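Read the structure below first, then the notes.
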Amino acid sequence: MKALLIGEYRQGKLLDTTYELKAFADRLGTDSVMLLVGSDADLPKYDGRLYLADAAKYGEYNPDLHKQLVLQAVERENPDCIVFVHSSYGWDLAPRVAVALKAGQVSEIVALNEGAYEVNACNAKLRRTVTPKSGRCVLTIQAGAFSPSGEPQGTPQLERLELSGTVSAIEFVGYEAAEQKGVDLSKAEVIVSAGRGVGKKDNVPVIAALASALGGELGASRPVVDAGWVDHSHQVGTTGQTVSPKLYVACGISGAIQHLAGMKKADFIVAINKDKDAPIGEIADVLVVADVMQFVPAFTAKCAR
Amino acid sequence: MKILVCIKQVPDMESRFRPNGEKTWYDEGDLAFRMNEYDEYAVEQAVQLKEQLGGEPEITVLSIGPDRTVEAIKKALAMGGDRAVHIRDDRYYQKDPWQIASMIASYAKGEGFDLIFTGMQSQDRGSAQVGVIVAELLGIACATTLVGFSYDGGTITAKRELEGGIKGVAKLKLPALVTCQLGLNTPRYPTLPNIMKAKKKEIASLTPAELSGEAELTATAAIYPPAKKGGGLVLEGEIGIQVDRLMGILKEKTAVLR
Ligand SMILES: Cc1cc2nc3c(=O)[nH]c(=O)nc-3n(C[C@H](O)[C@H](O)[C@H](O)COP(=O)(O)OP(=O)(O)OC[C@H]3O[C@@H](n4cnc5c(N)ncnc54)[C@H](O)[C@@H]3O)c2cc1C
Ligand SMILES: Nc1ncnc2c1ncn2[C@@H]1O[C@H](COP(=O)(O)O)[C@@H](O)[C@H]1O
């Protein structure tokens with residue numbers, strides 16, 4: 001078996017998630033080659049063939065051109081699978097490659113199960129095993145699900161890729177920095193976060209009161225931020241802040257992977273949720289099954305005493 | 001301008017899920033269904049664009065699913081869609097993203113849509129594939145994960161959300177398809193008069209047989225609840241007792257309460 005691994009490069013830098021692709025190939029027990037639209041200045045440590053296309057020429061985000069580059073490498077290598085990280089780059093590009101090859105795609109693989117690919121369904125309340133029915137397949141792996149064991153090593157054997165034309169339906173304009181961080185949650189020892197389960201904006205102060213009773217900061221899940229209940233600078237998760245407090249209290253948060261990615265390194269996790277099956281229960285040290293608006297005020301009162 | 005919005009009806013994620021008899025999907029009994037959260041942003045963006053253009057664009061809402069799907073379609077019409085196409089398919093859940101997208105593309109092909117909105121992913125399957133595949137099959141420009149959308153004279157400026165809160169801005173010309181991310185806008189609640197008006201809007205019904213029937217490229221081998229990794233302590237029961245127990249645990253296990 002052979003896998004073509006599609007590395008990632010952004011704002012002039014190789015992304016570390018690229019190494020998770022190699023870890024996945026190792027777990028599959030397959031040979032691999034890699035492709036990167038990047039630059040000589042920041043090459044991955046990799047023991048194998050690396051197809052390199054110049055990001056200065058083909059853009060960091062240009063799915064039309066990147067698709068053509070991937071197809072060239074597919075032609076040369078004839079891989080059994082083409083593997084992406086399930087990221088804003090990967091989920092955008094992978095289906096385009098899959099359609100061009102008429103290959104089945106399995107999205108956001110979290111584990112391997114006797115040769116079949118395991119993915120989540122319904123906010124991780126169910127798992128599915130999926131098998132490709134096409135000879136060749138496209139795979140995307142969940143960020144963080146396949147961690148490299150040990151330091152990456154090796155010097156890649158470079159093969160340059162070029163395209164004859166560079167006409168594309170998309171024009172990349174540039175990046176916009178993340179919003180200014182009003183609060184830096186990364187240093188907080190205690191974070192008490194409000195999720196959609198708090199019900200409405202007027203209830204947020206109840207959660208904030210617990211945060212201050214514990215001498216901590218207020219965090220939030222994304223829907224709470226999107227709805228304007230809490231400022232974006234408090235958002236925890238893949239598109240917010242990554243935190244590692246001594247204590248994290250998740251109030252009315254279901255535990256979607258994008259939220260967990262931002263807080264699972266907390267030393268101690270308490271979740272308050274009325275749903276005993278909420279996926280947050282999988283990583284919480286303590287799951288309090290209760291209505292958040294009943295439990296939190298009672299607990300805050302106790303702390304204050 | 002002709003706009004298409006693809007919506008899916010999905011179960012409320014707070015439900016309890018169990019596998020169906022054939023172990024290929026979840027059992028639908030006891031579940032409450034609603035419009036896929038991501039698709040609400042797609043409908044809203046379409047309606048906002050229609051408003052921006054003085055009501056000229058016509059918005060078609062499309063959904064593939066069983067009879068219950070009509071409820072989600074009606075909501076989209078009450079939010080401002082003009083007409084709808086319901087592809088009635090009781091076995092839709094057996095179809096992989098490639099097949100679902102092929103059905104949508106085969107319907108859209110003859111219709112000449114200038115702009116298609118989809119959600120970035122469905123909450124139950126979450127493949128994040130259907131929108132992109134439709135665009136590729138139709139050969140139109142596509143950008144995913146939009147948290148910002150603006151339109152001016154045939155060009156879309158798309159703000160894509162990247163990891164860590166950074167955004168990537170890209171421009172694409174119509175015809176195009178965009179997939180909508182949470183927070184793109186604030187989806188409106190249908191008002192009572194609009195719900196009444198929506199009742200009079202056309203919902204055309206098609207069967208899968210009238211559209212291209214592609215074979216599956218991936219199949220679900222099994223579906224099952226995740227293995228419990230042990231997890232932590234679960235505190236149930238009376239609030240006062242829960243409060244005392246949590247207090248005790250935090251005092252013992254963490255340094256934050258003394
Ligand atoms: C690309 C991408 C990036 C994302 N980035 C982030 C991110 O950075 N951060 C983030 O948080 N999310 C992010 N998300 C969204 C994420 O997938 C989830 O939608 C989100 O985390 C859900 O937030 P929630 O748990 O507050 O809401 P829900 O999932 O709606 O959960 C609400 C929970 O509250 C419980 N509840 C309801 N009422 C009560 C009550 N009265 N008492 C107690 N419990 C109650 C429910 O049982 C449920 O478990 C991202 C999604 C995508 C696709
Ligand atoms: N059965 C369906 N009917 C209509 N649109 C769908 C259907 N399934 C998926 N979609 C659209 O495709 C998007 C991505 O879905 P998915 O690829 O399943 O994650 C959704 O947000 C919808 O806009």
Side-chain angles (χ1 to χ4, degrees), chain A residues 61 87-88 91-92 95-96 99 103-108 116 121-134 169-179 189-190 214 222 226 238-240 246-247 254 268 270 275-277 281-282 284-290 294-295 298-299 302, chain B residues 11 13-14 16-17 26 96-98 123-129 132-133 136-137 141 143-145 159-172 182-183 216-226 229 231-236 239-240 242-243 246-247 249 253-257:
Chain A
Y61 175 72
S87 62
S88 58
W91 67 59
D92 191 275
R96 305 181 200 244
V99 172
Q105 179 181 328
V106 186
S107 295
E108 203 169 8
C122 300
N123 197 11
K125 284 187 168 181
L126 289 172
R127 283 254 177 131
R128 282 197 306 145
T129 44
V130 186
T131 42
K133 294 286 171 183
S134 51
I170 289 191
E171 180 203 337
F172 184 67
V173 182
Y175 293 102
E176 228 172 65
E179 278 167 59
E189 296 210 333
V190 177
L214 292 171
R222 177 166 185 148
D226 285 343
T238 45
T239 47
K246 292 205 168 87
L247 173 64
S254 64
F268 201 84
V270 175
D275 177 7
K276 196 180 165 185
D277 294 331
E282 277 296 298
D285 296 284
V286 181
L287 171 65
V288 180
V289 183
Q294 285 176 11
F295 181 84
F299 191 72
K302 187 92 179 182
Chain B
M13 290 301 134
E14 289 177 25
R16 296 198 81 158
F17 291 94
Y26 47 78
D96 70 357
W98 162 254
Q123 288 174 282
D124 53 355
R125 189 191 286 271
S127 81
Q129 290 180 36
V132 189
I133 299 177
E136 290 292 302
L137 288 174
T144 60
T145 337
K159 204 184 271 186
R160 300 188 64 231
E161 182 180 58
L162 313 177
E163 289 68 25
I166 309 166
K167 280 143 199 141
V169 183
K171 286 190 189 293
L172 42 164
L182 306 172
E216 66 186 7
L217 295 178
T218 58
T220 302
I223 196 161
Y224 41 91
K229 290 192 208 83
L233 182 69
V234 178
L235 293 182
E236 288 182 277
I239 295 274
Q242 288 174 317
V243 165
L246 182 61
M247 190 58 94
I249 293 165
K253 298 272 171 72
T254 75
V256 301
L257 275 177

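Within every chain, numbering begins at 1; the chains are lettered A, B, ... in the order of the sequence lines, protein sequences first and strands thereafter. Because the structure is a prediction, the values reported are computed rather than measured.
In terms of heavy-atom proximity, Gly168(B) sits nearest to Tyr175(A) at CA-CD2, 4.3 Å. Taking all atoms of both residues into account, the shortest heavy-atom contact from Lys125(A) to Phe17(B) is CD-CD1, 3.7 Å. Summarising the geometry of Ala128(B) relative to Pro95(A), their closest heavy-atom pair is O-CG, 4.2 Å, with the distance given to 0.1 Å. What you find for Val132(B) and Trp91(A) is that their closest heavy atoms are CG2-O, 4.3 Å. Shortest non-hydrogen contact noted between Ala298(A) and Val243(B) is CB-CG2, 3.8 Å. Across every non-hydrogen atom of Leu126(A) and Tyr26(B), the tightest pair is CD1-CB, 3.8 Å.
Residue contact with chain A, scored on non-hydrogen atoms closer than 4.5 Å, involves the side chain of Ile249(B) exclusively. Heavy-atom distances place both the backbone and the side chain of Ser127(B) under 4.5 Å from chain A. Residue Val190(A) touches chain B through its side chain alone, counting heavy-atom pairs closer than 4.5 Å. For Ala284(A), the part sitting under 4.5 Å from any heavy atom of chain B is the backbone (N, CA, C, O) and nothing else. Both the backbone and the side chain of Asp92(A) come within less than 4.5 Å of a heavy atom in chain B.
Among Thr238(A), Val106(A), Asn123(A), the residue with the largest count of heavy-atom pairs under 4.5 Å with chain B is Thr238(A). For the options Lys246(A), Arg96(A), Glu108(A), Glu189(A), heavy-atom pairs under 4.5 Å to chain B are most numerous at Arg96(A). Highest contact tally toward chain A, considering only Lys253(B), Arg125(B), Arg16(B), Gln123(B), is held by Arg16(B) [criterion: heavy-atom pairs under 4.5 Å]. Between chain A and the residues Leu172(B), Thr145(B), Leu246(B), the largest count of heavy-atom pairs under 4.5 Å involves Leu246(B). Interface summary for chain B: among Leu214(A), Ile170(A), Asp275(A), Val270(A), the most heavy-atom pairs under 4.5 angstrom belong to Ile170(A). Of the listed residues (Pro132(A), Ala290(A), Ser107(A)), the greatest number of heavy-atom pairs within a distance under 4.5 Å of chain B belongs to Ser107(A).
Rounding to the nearest 0.5 Å gives a distance of 3.5 Å between CD of Gln129(B) and CD of Gln105(A). Thr129(A) OG1 to Ile223(B) CD1: the interatomic distance, rounded to the nearest 0.5 Å, is 9.0 Å. Between atom OG1 of residue Thr218(B) and atom NZ of residue Lys133(A) there is a gap of 9.5 Å, rounded to the nearest 0.5 Å. Taken from CG in Leu233(B) to CG in Leu287(A), the straight-line distance is 9.0 Å, to the nearest 0.5 Å. Note that OG1 of Thr239(A) and CD1 of Ile166(B) are 11.0 Å apart. Values are rounded to the nearest 0.5 Å.
In the model, Ser254(A) has no side-chain atom that pairs as donor or acceptor with a side-chain atom of Glu14(B) under 3.5 Å.
Side chains of Val256(B) and Phe268(A) form no contact here, defined as non-hydrogen atoms less than 4.5 Å apart. Using a 4.5 Å heavy-atom cutoff, the side chains of Arg128(A) and Thr220(B) are in contact.
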* Could you check Ser134(A) against Trp98(B) for side chain to side chain donor-acceptor pair (under 3.5 Å), going step by step and ending with a plain yes or no? => CA-CA 12 Å; Ser134(A) 51; Trp98(B) 162 254; over 6 Å; no
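With sequence neighbours excluded, no residue forms a ring pair (Phe, Tyr, Trp, His ring centres under 6.0 Å) with Tyr61(A).
Ser88(A) pairs with exactly one of Arg160(B), Glu161(B), Glu163(B), Lys167(B) by the side chain to side chain donor-acceptor pair (under 3.5 Å) rule, that one being Glu163(B).
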